[in-house]
Number of protein chains: 2
Amino acid sequence: MVNYKKDDLDQVFSVLADSTRRAIIKELSKGENTVKKMAAAYDMSLPGFTKHLKIMENAGLVSFRKVGKYKYYYLQPKGIDYATEWLNELSSYWKSQLTSLEKYLLENKEEDNDDHDE
Amino acid sequence: MVNYKKDDLDQVFSVLADSTRRAIIKELSKGENTVKKMAAAYDMSLPGFTKHLKIMENAGLVSFRKVGKYKYYYLQPKGIDYATEWLNELSSYWKSQLTSLEKYLLENKEEDNDDHDE
DNA sequence: TTTATAGTTAACCATATGGTTTACTGTAAT
DNA sequence: ATTACAGTAAACCATATGGTTAACTATAAA
């Protein structure tokens, strides 16, 4: 790991790889919010929480506006779009590679009902 | 970090947060391949490379079939779908929350390269 | 049967990561 | 002027992560 440096997509996906940060994103998708208000929902110290916000900001997923002593954070969807695009391109390419049998099997899977919830 | 445990989505996004692993995924989207064949493209020891495959396998993104001394790895798209769904749900919810002005701005962004504030 | 090939395991290392506490700054309220 | 409140900074800690090398197993080829 001599010369390892995170690129943009690394950073975006790293943000998403943490359930606290995914929860923050969901929260912010409802609208902007202040640090303390959001932090209250998490079993974590305030400095711990603001570290997550800093990481998300560096990755370009959130920004904030300052009003007096408050910081209102809001989503910066461009960053998320970046990740979404990578996945969508992948899956469109991948699907174009499938044989018709594979496509048939894919259409008719139905029974893979693991809980995909959080 | 007393009791921190990665859940499914954590694992999937963690896989995606590494450019080597994203490259492996793209490679495998063209079809199955063996370990050494794939490893040749990376400036990394073989054990280092197989560690990545193990991580991807644990996250449910790849599987393999063994043929003699070869392991043929292939994509297991369910895992990736899981990540894609999370992002798509988010963005559909997020878009439904926008005001019509915001939607207008979103449609017509084209060039929004200024930092909002800070 | 010996040798080559494909891949894994184990031990190790440096840095990153997710968290803490304590002390601080800046703004608002009394 | 003092106190409360919102948030940051710094130092620290334990574990995770991405990598290495050396030694191994299993299958295939000579």
Side-chain angles (χ1 to χ4, degrees), chain A residues 1-25 27-28 32-59 61-74, chain B residues 1-25 27-28 32-59 61-74 117-118:
Chain A
M1 192 165 50
V2 178
N3 204 349
Y4 184 78
K5 186 71 200 313
K6 288 203 151 197
D7 70 17
D8 290 1
L9 264 182
D10 285 358
Q11 284 193 72
V12 171
F13 281 123
S14 291
V15 164
L16 296 171
D18 181 283
S19 64
T20 297
R21 295 192 290 249
R22 286 196 304 278
I24 293 174
I25 289 174
E27 178 64 29
L28 288 180
E32 62 175 13
N33 208 343
T34 62
V35 178
K36 259 210 138 186
K37 275 273 189 67
M38 288 191 281
Y42 302 87
D43 183 21
M44 188 183 300
S45 69
L46 196 48
F49 186 77
T50 62
K51 274 187 167 192
H52 283 295
L53 289 175
K54 176 64 84 180
I55 289 167
M56 298 171 78
E57 193 195 337
N58 288 340
L61 296 201
V62 300
S63 299
F64 63 86
R65 63 189 179 92
K66 217 170 168 190
V67 178
K69 61 183 173 182
Y70 299 98
K71 284 175 87 174
Y72 287 87
Y73 274 90
Y74 55 88
Chain B
M1 191 165 50
V2 179
N3 204 352
Y4 183 77
K5 186 71 196 315
K6 287 203 152 196
D7 71 16
D8 290 1
L9 263 181
D10 286 359
Q11 284 194 71
V12 172
F13 281 124
S14 292
V15 165
L16 296 171
D18 181 282
S19 63
T20 298
R21 295 191 292 251
R22 286 196 306 278
I24 294 173
I25 290 175
E27 178 63 29
L28 289 179
E32 63 177 11
N33 208 343
T34 62
V35 179
K36 260 209 137 190
K37 276 271 190 65
M38 286 191 284
Y42 302 87
D43 183 22
M44 188 182 301
S45 68
L46 197 47
F49 186 76
T50 63
K51 273 188 167 188
H52 283 297
L53 289 175
K54 175 65 88 181
I55 289 166
M56 297 170 80
E57 193 195 337
N58 288 340
L61 295 204
V62 299
S63 300
F64 63 87
R65 64 189 181 91
K66 217 173 169 188
V67 177
K69 62 183 173 183
Y70 299 98
K71 286 176 86 174
Y72 287 87
Y73 274 88
Y74 54 89
D117 57 27
E118 169 176 1

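Here is how names work: the chains are called A, B, and so on, in the same order as the sequence lines, proteins then strands, and each is numbered from 1.
Straight-line distance from the CG atom of A:Asp18 to the P atom of C:dA16: 18 Å, rounded to whole Å. Atom CG of B:Asp10 and atom C1' of D:dT17 are 15 Å apart (whole Å). Put simply, NZ on A:Lys66 is 14 Å from P on C:dT25, counting in whole angstrom units. Rounded to an integer number of Å, the gap from CG of A:Asp43 to P of C:dG18 is 17 Å. For the pair A:Phe64 CZ and D:dG7 P, the computed distance is 11 Å after rounding to whole Å. Taking atom OH on B:Tyr42 and atom P on D:dG18, their separation rounds to 15 Å, with Å as the unit. Distance, A:Ile55 CD1 to C:dT17 P: 7 Å, rounded to whole Å. Regarding A:Asn33, its CG atom lies at a distance of 13 Å from the C1' atom of D:dA6, rounded to whole Å.
Here the two rings, on A:Phe64 and A:Tyr72, have centers that are 6.0 Å apart or farther.
With A:Glu32 as reference, A:Arg65 is the one residue of A:Arg65, A:Lys71, A:Lys66, A:Lys37 to meet the salt bridge (Lys or Arg N to Asp or Glu O under 4.0 Å) rule.
Residue-level contact check: A:Gly68 touches the backbone only, with heavy atoms under 4.0 Å from sugar-phosphate atoms and none from bases.
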Atom pairs, protein N/O to nucleotides 5-13 of chain C N/O, distance under 3.5 Å:
from	atom 1	to	atom 2	distance (Å)
C:dA6	OP2	B:Lys36	NZ	3.3
C:dA6	O3'	B:Lys69	O	3.4
C:dG7	OP1	B:Val35	N	3.3
C:dG7	OP1	B:Lys71	N	3.1
C:dG7	OP2	B:Lys36	N	2.6
C:dT8	OP1	B:Lys71	NZ	2.7

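Rounding to the nearest 0.5 Å places OH of B:Tyr73 at 7.5 Å from CE of B:Met38. Residue A:Met56 holds its CE atom at 16.0 Å from NZ of A:Lys51, rounded to the nearest 0.5 Å.
Remark: A:Asp18 does not engage B:Lys6 in a salt bridge, criterion side-chain N to carboxylate O under 4.0 Å. Between A:Asp10 and B:Arg21 there is no salt bridge, since none of the side-chain N atoms of the basic residue sits less than 4.0 Å from a carboxylate O of the acidic one.
One finds no side-chain N or O of A:His52 lying less than 4.0 angstrom from the OP1 or OP2 phosphate oxygen of C:dT17.
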